[in-house]
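The chain is numbered in sequence order, starting from 1.
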Amino acid sequence: MDNKEWKPVEISDARFRYDSFKNGEPLFGKKGRLPAMGWNSWNAFGSGNTEALTKAMADKLVELGLDKLGYQYVVLDDGCYGSKRVDDHLTSDEEKFPSGFMAISDYIHSKGLKFGMYNDVGDRLCSGLEVGTVGYEEIDCQDYVNWKIDYIKVDNCYNVYDNATFSCPKNARFTFAPDIKGISLIPVSTDNSGDGIAELRFTAISDGIITGQRAYIEGEYVTGIGTFDGTSPDTSPIGDMASELEFKLNVSQSGEYDLYVDAKNGTREGSGSWLQVAVQSEEGLVADYYYDDIYDNSPIRIRLSAGENIIRFMNHRRQENTLTSYARIQECFEKLAPDSDIVFSICEWGKTQPQNWGYKVGDSWRILNDITFQVGSDGDPGVAAWEGAYTPSITSQYNKAVIMDEFAGLTKGWNDPDMLVIGMNGVTDTMCRTHMTMWCMMNSPLMLGMDLRRVTNDSEIYKIISNEDVIALNQDSLGVQAKRIFTTKGVKPDTTYLRDNDRFDVLAKPLSDGSVALSFINVSMNFREDRISISPELIAQYLGDKMVDKDSFLGAAVYSVKNLWTKEEVTMTKEEVAEKGFSVSGLAACDNLTLRIKTGE
């Protein structure tokens with residue numbers, strides 16, 4: 001597609017705009033799902049997955065009894081399609097999947113499992129195959145319905161509406177506003193003729209107000225008017241990730257004005273060419289955008305009311321475009337199969353801050369890049385890591401997801417820190433147990449990513465992924481992501497983004513029967529001697545009304561405490577808890593102590 005001949009579609013529906021993101025209203029129904037559990041082909045086989053391997057994985061899920069524990073979805077990731085469409089339709093790779101997708105769907109369903117597939121909102125897949133769904137949404141969705149899919153993962157490579165991975169960097173012109181030096185307004189007509197209002201002039205750096213954290217002053221200009229790229233592990237998910245430039249002004253008469261913007265266009269991250277303009281009253285009411293396009297220095301006709309007005313200069317297209325792209329697929333499913341129950345997994349790697357808008361369209365949303373870039377192949381388990389300098393590691397994903405609990409829930413969807421890397425090279429059994437604990441406490445989707453042929457019922461890997469007590473935390477019907485209530489870093493634990501792993505964290509998760517899960521996690525790769533004690537009062541302080549019965553938990557005479565990995569159980573009286581708290585004295589590197597605390601009379 002020639003980038004000179006296209007631009008993002010017009011967004012005329014206010015439900016897809018930035019100002020609607022906080023209204024809590026999904027665009028589509030079917031919320032209330034717990035996190036999905038299953039197996040995905042990518043970490044195990046990359047683009048080398050085949051029909052035979054997929055069948056073998058489905059067989060192993062049943063043989064190992066993992067299906068009975070909730071691992072239901074078998075998902076074909078990238079690499080399964082033919083290189084070209086045929087009569088506009090997707091086809092299977094004839095060598096890898098010679099029987100076609102309907103046959104593999106039937107096989108998986110015959111096992112009592114559920115079938116999942118993959119596509120991309122761009123014009124190509126991440127593998128480079130030119131079969132992305134953009135422009136073919138209705139055709140593809142009809143094929144997916146025909147293939148009886150139960151789950152779809154939708155990637156974001158080659159997104160023609162953003163400078164996404166592998167896409168044209170100059171597409172930043174669509175996702176950032178021009179650098180703004182100042183504005184001027186000339187009255188065109190007022191509701192009460194007579195006194196002649198003079199031209200109004202304002203400079204950006206002295207008269208403008210920068211909102212959010214993205215924009216900043218550079219010389220005489222305000223630049224960076226747009227949204228942070230969330231694929232960077234440096235960017236916290238907490239706070240206003242988008243910036244606007246606002247001008248507050250008083251006019252004596254209502255009427256129409258020509259708005260001129262002194263701006264320079266750019267084609268790089270932070271400096272673009274697409275401008276959105278809205279006028280907001282003191283009451284916060286926003287009219288339709290007066291302008292939403294590439295700015296060419298032409299006057300913009302706006303209407304101001306007598307008294308104070310706020311003129312907003314912004315570019316929220318990074319989020320609005322991506323939401324629109326994903327919503328287009330969901331709209332097709334709603335039209336073609338309104339009674340279907342297809343899980344919709346957004347995989348745009350946190351690029352456009354999907355914690356703000358993902359609930360409107362998806363059941364889960366990826367929060368960062370892939371957890372590993374060293375995927376396996378047939379017979380090779382691939383390599384994962386506990387920590388790393390960038391995104392591909394367990395702790396990179398955890399450090400971001402652990403403070404995103406307020407974005408998740410049964411009425412919203414789930415933060416997705418990517419697939420489990422249990423069973424890959426590079427991670428020990430201890431790391432895998434804590435990895436499993438983290439994902440279950442955080443209500444993350446539990447998608448196995450290993451070659452299941454390497455797993456036996458007596459193996460340590462099996463014991464980890466089949467721990468029913470830990471899985472029960474993830475699948476608890478209350479559907480509340482754990483909150484970090486303590487960290488040895490001495491900062492506000494539930495909202496502070498921490499990347500220094502030399503620490504202990506404590507997570508608390510309320511459960512549907514009134515009990516609480518409490519997880520002590522040594523995030524570091526060294527033994528730590530810390531003695532940490534957590535009181536019922538601290539748990540209640542952070543979890544508050546998310547608890548089923550906070551008063552009963554605080555007033556219990558007896559607490560039954562079960563270690564979910566060793567299965568040891570102890571009973572503590574109220575007096576013992578008041579004296580000692582729920583505590584840990586030292587933990588091995590990357591280890592965890594996870595407790596389920598129930599109350600008694």
With the side chain counted from C-beta on, respond yes when [X] and [Y] share a heavy-atom pair under 4.5 Å apart, and no when they do not.
| X | Y | value |
| --- | --- | --- |
| E529 | L587 | no |
| I152 | Y118 | no |
| L507 | F520 | no |
| D120 | T133 | no |
| Q213 | M241 | yes |
| L478 | L511 | no |
| L410 | L34 | yes |
| I485 | I534 | yes |

**OP:** Establish, for the pair K55 and Y107, whether the NZ or CZ atom is under 6.0 angstrom from the six-membered ring centre and no further than 45 degrees off its axis.
**Re:**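 Yes, K55 lies over the aromatic ring of Y107.
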On a heavy-atom basis, which atom in [X] and which in [Y] lie closest, and how many Å separate them?
| X | Y | result |
| --- | --- | --- |
| T235 | D229 | OG1-O, 4.0 Å |
| T437 | N592 | OG1-OD1, 3.3 Å |
| I539 | A508 | CG2-CB, 4.3 Å |
| R484 | T496 | NH2-O, 2.7 Å |
| V516 | F553 | CG2-CE1, 3.7 Å |

Looking at [Y] and [X], is there a salt bridge between them, counting it only when a charged N and a carboxylate O are closer than 4.0 Å?
| X | Y | value |
| --- | --- | --- |
| K492 | D494 | yes |
| D341 | R33 | yes |
| E406 | K546 | yes |
| E348 | K351 | no |
| R499 | D234 | yes |

Does the side chain of [X] come under 3.5 Å of the side chain of [Y] through a donor N or O and an acceptor N or O?
| X | Y | answer |
| --- | --- | --- |
| S583 | S533 | no |
| D476 | S512 | yes |
| N522 | S524 | yes |
| D78 | S47 | no |
| T352 | W357 | yes |
| E387 | N501 | yes |

Only distances under 3.5 Å count here; give the side-chain donor-acceptor pairs of residues 438-446 to other protein atoms, sequence neighbours excluded, each with its distance to 0.1 Å.
residue, atom, partner, partner atom, Å
W439, NE1, D418, O, 2.9
N443, OD1, K509, NZ, 2.4
N443, ND2, N474, O, 3.4

I need the [X] [atom1] to [Y] [atom2] distance, nearest 0.5 Å.
| X | Y | atom1 | atom2 | answer |
| --- | --- | --- | --- | --- |
| S41 | M447 | OG | CE | 9.5 Å |
| E569 | T571 | CD | OG1 | 8.0 Å |
| E575 | T573 | CD | OG1 | 4.5 Å |
| D106 | W147 | CG | CH2 | 13.0 Å |
| I346 | L323 | CD1 | CG | 8.0 Å |
| L129 | C157 | CG | SG | 11.5 Å |

**OP:** For Q397 and S393, run side chain to side chain donor-acceptor pair (under 3.5 Å): C-alpha distance rounded to whole Å, both residues' side-chain angles, the deciding distance at 0.1 Å, then the answer.
**Re:** CA-CA 7 Å; Q397 303 283 338; S393 72; over 6 Å; no
**OP:** Taking side-chain hydrogen bond (donor to acceptor under 3.5 Å, both in side chains) as the test, write out the residues that go with S364, two or more places apart.
**Re:**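 With sequence neighbours excluded, S364 shows a side-chain hydrogen bond (donor to acceptor under 3.5 Å, both in side chains) to no residue whatsoever.
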Without swapping roles, check the side chain of [X] against the backbone of [Y] for a donor-acceptor pair under 3.5 Å.
| X | Y | result |
| --- | --- | --- |
| R528 | D530 | no |
| H435 | M431 | no |
| R503 | T488 | no |
| N415 | A401 | no |
| T395 | Y398 | no |
| Q353 | N356 | no |
| T54 | T50 | yes |
| K114 | Q72 | no |
| D416 | W365 | no |
| N49 | L53 | no |

Original post:
Which is it for Y151 and Y144 under the ring pair (Phe, Tyr, Trp, His ring centres under 6.0 Å) test, yes or no, and what are the steps along the way?
Top reply: CA-CA 10 Å; Y151 178 109; Y144 290 135; over 10 Å; no
Please indicate whether [X] has more than 12 foreign heavy atoms, meaning atoms of other residues, nucleotides or ligands, lying under 6.0 Å from its [atom1].
| X | atom1 | answer |
| --- | --- | --- |
| K68 | NZ | no |
| E468 | CD | no |
| K30 | NZ | yes |
| D500 | CG | yes |

Subject >> Ring centers of F21, Y359 separated by less than 6.0 Å >> reply: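 Distance test on ring centres: not under 6.0 Å, no.
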**OP:** Check N369, D155, N156, D370 against W349 for a side chain to side chain donor-acceptor pair (under 3.5 Å) and give me the one that passes.
**Re:**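 Exactly one candidate clears the test, D155.
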Original post:
Please walk me through it: do F582 and Y559 pass ring pair (Phe, Tyr, Trp, His ring centres under 6.0 Å)?
Top reply: CA-CA 10 Å; F582 308 112; Y559 295 89; 5.6 Å; yes
Subject >> Stepwise side chain to side chain donor-acceptor pair (under 3.5 Å) check, T430 with D591 >> reply: CA-CA 6 Å; T430 298; D591 204 356; 5.3 Å; no
Subject >> Stepwise side chain to side chain donor-acceptor pair (under 3.5 Å) check, D77 with N40 >> reply: CA-CA 7 Å; D77 211 291; N40 179 289; 3.0 Å; yes
For residues 378-386, which side-chain N or O atoms pair as donor and acceptor with protein atoms under 3.5 Å away, sequence neighbours left out?
residue, atom, partner, partner atom, Å
D378, OD1, R453, NH2, 2.7
D380, OD1, G382, N, 3.1
W386, NE1, V523, O, 2.9

Original post:
Stepwise, does the side chain to side chain donor-acceptor pair (under 3.5 Å) test hold for K567 with N467?
Top reply: CA-CA 10 Å; K567 309 304 180 183; N467 187 324; 2.9 Å; yes
